[in-house]
Amino acid sequence: MNVEVLLAKEMGFCFGVKRAVRLLEEAARDGPVDSLGSVVHNPQVVARLQERGVRVVASPEEVRAPTVAIPSHGAGPGVADRLAEGRRVVDTTCPIVRRAQQAAARLREEGFYVVVFGESDHPEVRAVLAWAQGQGLATTDPFGLPRPLPRWLGVIPQTTQHLASFANFVRDLMSLPDGKGKAAPCPYSELRVVTNVLCQATQQRQQSAQDLARQSDVVIVVGGYNSANTRRLAELCSPLVETHHVQTAAEIDPRWLQGQRRVGVTAGASTPEGSVEEVVELLRKRLENG
Ligand code: SF4
């Protein structure tokens, strides 16, 4: 039987992750670095940086190294200034995440209640909300909004959200009952939707993953379990084809490949090329050996 491994057109490291890793590697050449949380959500990348002297710490209080890094997911307002007391700060916040933070701060200043469409426990989302200074929340459920509904509502998507899901969320927000039992065309005086923070690299990877899923009998998604964008790739492929999310090649179960003719491989934006190569190599070997 003719068996092939198909690769997604767009996958792996995005420019924001490449930039963060480069900044950290450069900083680590001058001495130890403490990173306030994982610089990116991938255990292999974190381990490789650790070998070069980058230690992950959970809070500013744990920082000991002369250099401290803010991860690509960003941090709340004032964190960099507080850390800078007596230290060098390397800020690897992705420029798109920074744009989301600035949007949250601007909306807050203009009196809007900020809703971040995303995972409330994700570091990027927590940091964006911190820029709204308590005037907001994170949710993916339109019914999660406070009552009475805020009159001025600003909506920001987590950078890695899928465009169609975000559009559905906004549509649902517009048709929420206003709480007075009246059917209003829109329950807000003003609804401001921030769209220029949906990451293009993520959208391309999502589209490529769906295209791949349509051509494959089974899809393997490679990347950190704690990586939101990698999990989203698996979520998007799952309704289309049998899908498995793995962190390493060793996790691939031979039973997933039995009787399959086309095995698709894609990877999250924080997945290093080496991890994808290991998966592809292992798949080719297993498929050749039947
Ligand atoms: S996925 Fe997009 S938003 Fe996230 S780090 Fe990469 S470029 Fe930045």
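Indexing begins at 1, ligand by ligand and atom by atom, following the structure's order.
Considering only non-hydrogen atoms, atom 8 (Fe) of ligand 1 lies nearest to C94 out of C199, C94, S270.
By the 4.0 Å N-to-carboxylate-O rule, R52 lies too far from E26 to be salt-bridged with it. Of the charged side-chain nitrogens involved, at least one lies within less than 4.0 Å of a carboxylate oxygen, so that E25 and R48 count as a salt-bridged pair.
For Q204 and Q207, the side-chain atoms include no donor-acceptor pair closer than 3.5 Å.
Using a 4.0 Å cutoff on heavy atoms, T202 counts as a contact of ligand 1.
Heavy atoms of C14 found under 4.0 angstrom from ligand 1 belong exclusively to the side chain.
Under a 3.5 Å cut-off, the side chain of T92 and the backbone N or O of S72 do form a donor-acceptor pair.
Residues M11 and S208 are not in side-chain contact: their nearest non-hydrogen atoms beyond the backbone lie 4.5 Å or more apart.
With ligand atoms numbered from 1 in the order given, ligand 1 contributes 3 (S) to contacts under 4.0 Å with heavy atoms of T159. Taking every heavy atom of F15 and a limit of under 4.0 angstrom, the matching atoms of ligand 1 come to 7 (S).
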